2 protein chains.
Amino acid sequence: MIKEYMGHKCCQTNLTEENIKDILTDHGLNKTKVKIEILQIISRSKKPISVPEIHLELTDKCDVSTVFRSISQFKEKKIVSEVNLDEGFLRYELFSIKKNHHHHHILCRKCGDIKNLEECDLDVFEKALSKLGFTQMEHRLEFTGLCSKCSTKL
Amino acid sequence: MIKEYMGHKCCQTNLTEENIKDILTDHGLNKTKVKIEILQIISRSKKPISVPEIHLELTDKCDVSTVFRSISQFKEKKIVSEVNLDEGFLRYELFSIKKNHHHHHILCRKCGDIKNLEECDLDVFEKALSKLGFTQMEHRLEFTGLCSKCSTKL
DNA sequence: TTACATGCAAAGGATTTGCACGTCC
DNA sequence: GGACGTGCAAATCCTTTGCATGTAA
């Protein structure tokens, strides 16, 4: 139910540099030092990570704007997917993780820990979470789509 | 399933000025022109509304910071509740609406229309939405809470 | 009168953009 | 060489904050 990849909280995949180069080539992006490092950082991260956090790990090897631009490309190419946990900024994780299993997250409002939720049913979720000792749970479920008008105008 | 309050998309309550004054008094807030107007605007709005939008409707009758400060108090006092639809800013609706029925929203990514969802079950949701002609649906379900460690430390 | 509310200006933090220069293919 | 990537600086947008003044109770 709640996955902790081999001791890690979530999102861990540890791509090799080769994996990453292949991914970049496959998506028509240049294999630059910065892009490779960004993907390594995301892949090493134990939880979805924000752009400023990535930039911090890069210790000024590049400008923040470059990280934003790279992430933007990765998002377009579906190399990473965006995670919004209502923190006032966005986080990113490898899309491969999402592709393998549609999932959501649980964030501890106190310590900031983030875990993956492998299923997608509210009752099952809340029961499993309370069995694990989670309390004071809140959830947000929002849909987007094209309404009937916009769907037919396509 | 999807509620459209008497022709309105969602969130409509149309509080009278008296209602609003009572609410402010009940929560120990001063009955100032600005606070009253802000609540009127939210109450008239057909969908959850953002601070900059509220400020626009006030046509410079007050500073944006005042709107932010008022909203912040309303949030604390549970007069309004916050809606995050991944747009890069937050929206607000009257809490009374939420109190009456826990609900979520559906946003059309094209025209920006927002509707209320009255139930809280993913299958039911998606089926009902597709019956209504919605396509290309995506949803976000995120939990927050206190993890077992943080719960016991209370 | 006194705590609360507001205006104004400045600052913060995430994110975007324009432009010139540098690098991958 | 030409497309793509990056650095730097400036700008944008939402939001917060400090301080002096104004207003509700």
Side-chain angles (χ1 to χ4, degrees), chain A residues 17-18 20-42 48-77 79-92 112, chain B residues 17-18 20-42 48-77 79-92 112:
Chain A
E17 188 162 337
E18 283 319 302
I20 289 174
K21 285 182 178 166
D22 289 347
I23 291 174
L24 290 173
T25 307
D26 291 351
H27 291 88
L29 298 172
N30 285 358
K31 300 190 276 270
T32 66
K33 277 183 195 170
V34 176
K35 283 191 163 56
I36 293 170
E37 279 214 55
I38 292 176
L39 285 177
Q40 282 176 330
I41 290 171
I42 297 177
I49 187 171
S50 71
V51 169
E53 283 167 346
I54 294 170
H55 181 239
L56 209 67
E57 280 205 41
L58 283 167
T59 46
D60 287 326
K61 275 178 211 151
C62 80
D63 193 78
V64 208
S65 65
T66 303
V67 184
F68 274 108
R69 276 190 274 232
S70 299
I71 287 286
S72 170
Q73 292 177 311
F74 295 161
K75 219 180 1 171
E76 259 176 46
K77 306 283 188 182
I79 296 172
V80 303
S81 87
E82 206 171 68
V83 178
N84 185 336
L85 293 172
D86 238 341
E87 300 165 289
F89 55 85
L90 301 169
R91 294 175 177 275
Y92 300 90
Chain B
E17 187 161 336
E18 283 319 302
I20 290 173
K21 284 182 179 168
D22 288 347
I23 290 173
L24 290 173
T25 306
D26 291 351
H27 291 88
L29 298 173
N30 285 359
K31 300 191 276 269
T32 66
K33 280 183 194 170
V34 176
K35 282 191 165 58
I36 293 170
E37 279 214 56
I38 292 176
L39 285 178
Q40 282 177 329
I41 290 170
I42 298 177
I49 187 170
S50 71
V51 169
E53 284 167 345
I54 294 170
H55 181 238
L56 210 66
E57 282 204 41
L58 283 167
T59 47
D60 286 326
K61 275 178 211 151
C62 82
D63 194 78
V64 208
S65 66
T66 303
V67 185
F68 274 108
R69 274 190 275 232
S70 299
I71 287 288
S72 169
Q73 290 177 313
F74 296 161
K75 218 180 3 170
E76 258 177 48
K77 306 285 189 181
I79 297 172
V80 302
S81 87
E82 208 171 66
V83 178
N84 185 337
L85 293 173
D86 238 342
E87 301 165 288
F89 55 84
L90 301 169
R91 294 175 176 276
Y92 300 90

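FYI, side chains are in, hydrogens and waters are out, and symmetry mates aren't considered; it's all heavy atoms of this structure. Below, chains carry the letters A, B, ... as their sequence lines are ordered, and counting in each starts from 1. Predicted, not measured: the structure shown is a model, and the values here were computed from it.
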Picking from D:dT15, D:dC19, C:dA14, the nucleotide nearest the side-chain atoms of B:Phe68 would be D:dT15

- Query: Taking the side chain of B:Val34 as heavy atoms from C-beta outward, which of D:dT6, C:dT6, C:dA14 is closest to it?
  - Reply: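 Nearest nucleotide to the side chain: C:dT6.
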
Would you please confirm or rule out a distance under 4.0 Å between OP1 or OP2 of [N] and any side-chain N or O of [X]?
X	N	answer
A:Gln73	D:dC4	no
A:Thr66	D:dG7	yes
A:Thr32	D:dT6	yes

Discussion item. Which is more 5' along DNA chain D, the nucleotide nearest B:Ser65 or the one nearest B:Leu29? Just name the residue.
Written reply: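 That would be B:Ser65.
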
On DNA chain D, more 5' by nearest nucleotide between B:Phe89 and B:Lys31 is B:Phe89

For the side chain of B:Ser72 and the backbone of B:Phe68, is there at least one donor-acceptor N/O pair under 3.5 Å apart?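 Judged by distance alone, no pair lies under 3.5 Å.
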
If you look at every strand shown and take non-hydrogen atoms under 4.0 Å, does [X] touch a base, only sugar-phosphate, or nothing?
X	answer
B:Lys33	nothing
B:Ser70	sugar-phosphate
A:Asp63	base

Exercise. Could you tell me whether the side chain of B:Lys35 reaches within less than 4.5 Å of the side chain of B:Gln73, counting heavy atoms only?
Key: yes

